[in-house]
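Owing to the predicted nature of the structure, the values given are computational and were not obtained by experimental measurement.
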Amino acid sequence: MYFRQIMYVVQPGESLASIAQKFNTTVQGIKDENRLTSNVIFIGQPLTVPSNLEKTVYNVQPGDDLYTIATRFGLDVEELKGMNRLEDNIIYANQQLVIPEEFNVDYYIVQAGDSLYTLSERFETTVEQIKNLNNLRSNIIYIGQRLKVSEGYERQTVYTVKSGDSLYSIANRYNTTVESIMTLNNLENMDLNIGQKLTIPVFSEVVVNVDTANVRERPGAAYNVLAQMARGARLPLLGVQGDWYRVALFNGNPGWISKTVTALRAYDGSEPIVQILGYYTLEEGPTLPSSYQSFVTNIEQISQAGLFMFRISKDNPTTIDKFGEFTDDEVRAVVTIGHRHNVKMLATVHNLLYDEGVELAKRVIHELVSSEQNMNAFAMNLVRLVERYGLDGVDIDIEDVLEEDRDRLTQLYRVIGRVFDERGYFFSTAVPSKTGPNDPSVFAKPFDYPNLHQPTDQFVIMLYNEHGWPGSGPGPVVSIGRMETVLRYAMTVMPKEKIVAAVSVFGFDFNLQTGRASYVTYDMAINLAKKHNKEITFDKETQTPMFAYTDENGVNHEVWFEDRASIQAKVRLANRLGIRGLALWRLGMEDPAIWTMLRDDAVVRKMGLER
């Protein structure tokens, strides 16, 4: 039986027995998972709880009450109290409540302007039915609320034409365009019949079908050119005016492109729709090629690129050094290629891989955040970096941090956010993964998710630390279970639309004798399996491929890596949770079939006007 691992913090009055009952597990199971030698636990203690039930943990926010939480998750207050063994209605900030997750049910997220009446019309149900399904006491709903809208609600919306409807009125109701509805439903004209079924687009884009196409400031050939797109470039559709499409550009601005040089595509949501951030590196030795070939070959399936080519200077942490050997012109050439395919290009600035090791990396950040003057100087140097190479923003990858610098790190991000917002630049950050507010990982503790995310436009959560670090034992770099646990926690403290799940495309060869693990690309893993004549199996529990072999010295190994099927599982999870998408570390190490999967079985959405 597959057990999910849930991070839980002990509440007042709880025992191992009561926690085991909450999660339908056993006291011994919890003790084994946490290496407890007795049944003694204490308030605030973090526990990893194995459970075969579809449950998660909600972190109570300031201003929450039991009714608003129950309403948010479609529960009855008494059901929520019983599940958490609450004797009264008193709850407190940061308290953890167990919530059942109905993974076989899709929900609608309330948008601005929605009411129970408009939703009942849209999904062909009644106000009372929606209220009953969600245990609502009144007709009041709020933006961001999760609602079951019918017993059989699916992501796709099919609308039945009624008397008085037109394609314009339907498009306006669903925030789409007439052209998108016509394209998706193969309509040759705008005539409608009462009772006709129309599938409603959830996303539309235009694809450039000439060698070079101009995107202009306004709809007309006389207006200024904002950008030039290459054949195959994909641009999210924002609107239509006459013979022009209004589209979203890589820099977060709108523009206009002629219908004559593009083809319109519309999607109904039956396939996952995600953004893909590809991390780009230089060559890392003979076995780890640069990302260039993968980037240019698969650029149509890439929304953003993070150029892992810049490091915070150890000599003066307010400044940024080049990470590797390259010229300015080489960087600008890659940026130009990205922009011509509507890819948002970011400088990934990190504090990693100093010759002196992790302790130096921590001291670098300690000095950087030691004063407001340093923070401002660093932010301005980031601006100069962006402008030097014609980039769209930065992706700050600060990882090794002293726990004492937690609040100062958050202040640094506020400074960067303010400086970048004033100039219209994009601010992304990549942070270590956390399974909850009290995740015991020393690596993750300095990162205050609820406050750290606020100044950012995008929050990239690096999931690739489940196995592969010294002493971890063999296993997947990112299992589907841990990925979901981490993301569900993050979704309780920030807008899910801001979250990008960073997953590995590499793997590890675990030496079971020494306990060490060595990096393997997809090709290296496949060649190892062929060399030792081993069959690759797909572990259904973790949704990851693996195989075992014995080397020439009689030492046993396990190899866990990623392939098309494992990345597809992660794409589907990202889509189901409604987060922004995936980041791939890194381009050039992956199974080439990943890109075929993204092309044929998913929709990669380029960046829109998200800020």
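Around CZ of Arg516, the count of heavy atoms belonging to other residues, nucleotides or ligands within 6.0 Å does not exceed 12.
When only modelled atom types and interatomic distance are considered, Asn374 and Arg408 share no side-chain donor-acceptor pair under 3.5 Å. Tyr413 and Thr429 form a side-chain donor-acceptor contact under 3.5 Å, judged by distance and modelled atom types alone. Between the side chains of Arg414 and Gln411, at least one donor N or O sits under 3.5 Å from an acceptor N or O. Checked by atom type, the side-chain pair Glu562/Thr544 shows no donor-acceptor distance below 3.5 Å. Checked by atom type, the side-chain pair Glu359/Tyr354 shows no donor-acceptor distance below 3.5 Å. Using modelled atom types, one finds a donor on one side chain and an acceptor on the other under 3.5 Å when comparing Asp392 with His339. Side-chain contact annotation: Arg572 with Asn575, donor-acceptor N/O pair under 3.5 Å absent. Looking at Asn465 and Ser433, their side chains do bring a donor and an acceptor atom within 3.5 Å of each other. Side chains of Ser479 and Glu466: a donor on one and an acceptor on the other come within 3.5 Å.
Here the side chain of Arg423 pairs a donor or acceptor atom with the backbone of Val419 at under 3.5 angstrom. The closest donor-acceptor contact from the side chain of Asp421 to the backbone of Gly417 lies at 3.5 Å or more, if one exists at all. Of the possible polar contacts, one joining the Asn376 side chain to the Glu372 backbone as a donor-acceptor pair under 3.5 Å is found. For the pair Asn351 (side chain) and Val358 (backbone), a donor-acceptor distance under 3.5 Å is absent. In terms of modelled atom types and a separation under 3.5 Å, the side chain of Ser291 and the main chain of Thr281 share a donor-acceptor contact. Under the 3.5 Å distance criterion, the side-chain polar atoms of Arg216 are matched with a main-chain donor or acceptor of Tyr223. Side-chain N or O atoms of Arg580 include none that pairs as donor or acceptor with a backbone N or O of Ile499 at under 3.5 Å. No donor-acceptor pair closer than 3.5 Å links the side chain of Arg488 to the backbone N or O of Thr435. A distance-only check finds no donor-acceptor pair linking the side chain of Lys362 to the backbone of Glu403 [under 3.5 Å]. Gln301 places no side-chain N or O within donor-acceptor distance of the main-chain N or O of Trp595, the cut-off being under 3.5 Å.
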Pair Arg234-Glu205, salt bridge (Lys or Arg N to Asp or Glu O under 4.0 Å): steps then yes or no | CA-CA 7 Å; Arg234 300 163 61 181; Glu205 65 180 0; 3.1 Å; yes
**Study point:** Pair Leu288-Met589, side-chain contact (heavy atoms from CB on, under 4.5 Å): steps then yes or no
**Key:** CA-CA 7 Å; Leu288 299 176; Met589 301 173 70; 3.9 Å; yes
Does the side chain to side chain donor-acceptor pair (under 3.5 Å) test come out yes or no for Asp328 and Tyr389, once each step is laid out?
CA-CA 7 Å; Asp328 286 2; Tyr389 295 109; 2.7 Å; yes
Set out, in order, the CA-CA distance, both residues' side-chain angles and the distance that settles side chain to side chain donor-acceptor pair (under 3.5 Å) for Glu387 and Tyr425, then state yes or no. CA-CA 10 Å; Glu387 294 175 348; Tyr425 294 141; 2.9 Å; yes
Problem set entry | Stepwise salt bridge (Lys or Arg N to Asp or Glu O under 4.0 Å) test for Lys314 and Glu367 | CA-CA 10 Å; Lys314 66 180 181 180; Glu367 183 177 347; over 6 Å; no
Practice item. Test Asp448 against Arg406 for salt bridge (Lys or Arg N to Asp or Glu O under 4.0 Å), laying out the working first. Key: CA-CA 7 Å; Asp448 179 8; Arg406 173 186 171 101; 3.3 Å; yes
Stepwise salt bridge (Lys or Arg N to Asp or Glu O under 4.0 Å) test for Glu356 and Arg363: CA-CA 11 Å; Glu356 297 85 347; Arg363 291 199 302 273; over 6 Å; no
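Seen from the ring of Tyr449, Lys434 counts as a face-on cation partner, given the 6.0 Å and 45° thresholds.
Listed by first and then second residue, the salt bridge (charged side-chain N to carboxylate O under 4.0 Å, His left out) pairs involving residues 285-303 amount to none (not counting sequence neighbours).
By the 4.5 Å heavy-atom criterion applied to side chains, Val247 and Trp256 are not counted as neighbours. Counting heavy atoms from C-beta outward, Asp400 and Leu352 have side chains that approach closer than 4.5 Å. Using a 4.5 Å heavy-atom threshold, the side chains of Gln96 and Asn84 count as separate. Proximity of Phe506 to Thr521: side-chain heavy atoms (C-beta onward) are nowhere separated by under 4.5 Å. A 4.5 Å side-chain heavy-atom check between Arg311 and Leu353 finds at least one atom pair inside the cut-off. At least one side-chain heavy atom of Val460 sits less than 4.5 Å from a side-chain heavy atom of Tyr279.
Annotation for Leu249 and Met229: closest pair CD2-CE, 3.9 Å, computed over non-hydrogen atoms. Taking every heavy atom of both residues into account, Ser504 and Tyr464 meet most closely at N-CD2, 3.6 Å. The minimum heavy-atom distance between Ala379 and Val415, with the atom names listed, is CB-CG1, 4.0 Å. The heavy-atom pair separating Ser428 from Leu346 by the smallest distance is CB-CD1, 4.2 Å. For the pair Gly252 and Leu609, the tightest heavy-atom approach, listed with the atom from each and the gap, is O-CD2, 3.5 Å. What you find for Ile257 and Val206 is that their closest heavy atoms are CG2-CG2, 4.2 Å.
When the options Lys498, Gln304, Lys344, His453 are evaluated for a side-chain hydrogen bond (donor to acceptor under 3.5 Å, both in side chains) with Gln458, the one that passes is Gln304.
Rounded to the nearest 0.5 angstrom, Ile312 CD1 and His350 NE2 are separated by 9.0 Å. A distance of 10.5 Å separates CG in Leu282 from NZ in Lys322, rounded to the nearest 0.5 Å. To the nearest 0.5 Å, atom OG1 of residue Thr348 and atom CG of residue Leu307 are 6.5 Å apart. Between atom CD1 of residue Ile337 and atom CE of residue Met345 there is a gap of 8.5 Å, rounded to the nearest 0.5 Å. Between atom CD of residue Glu497 and atom CE of residue Met491 there is a gap of 8.5 Å, rounded to the nearest 0.5 Å. Ser290 contributes atom OG, which lies 7.0 Å from atom CD of Glu283 (distance to the nearest 0.5 angstrom).
A centroid separation of less than 6.0 Å is found between the aromatic rings of Trp585 and Phe308.
Partners of Ala377 according to the side-chain contact (heavy atoms from CB on, under 4.5 Å) rule, which considers only residues two or more places apart in sequence or in another chain, are Thr318. For Phe42, the side-chain contact (heavy atoms from CB on, under 4.5 Å) criterion is met by Gln45, not counting sequence neighbours.
Ring geometry, Phe420 versus Phe427: the interplanar angle falls from 30° to 60°, so the pair is classed tilted. Ring-plane geometry between Phe508 and Tyr519 is classed as tilted, the angle between the planes lying from 30 to 60 degrees on a 0 to 90 degree scale.
Comment: Glu284 engages Arg586 in a salt bridge, judged by a side-chain N to carboxylate O separation of less than 4.0 angstrom.
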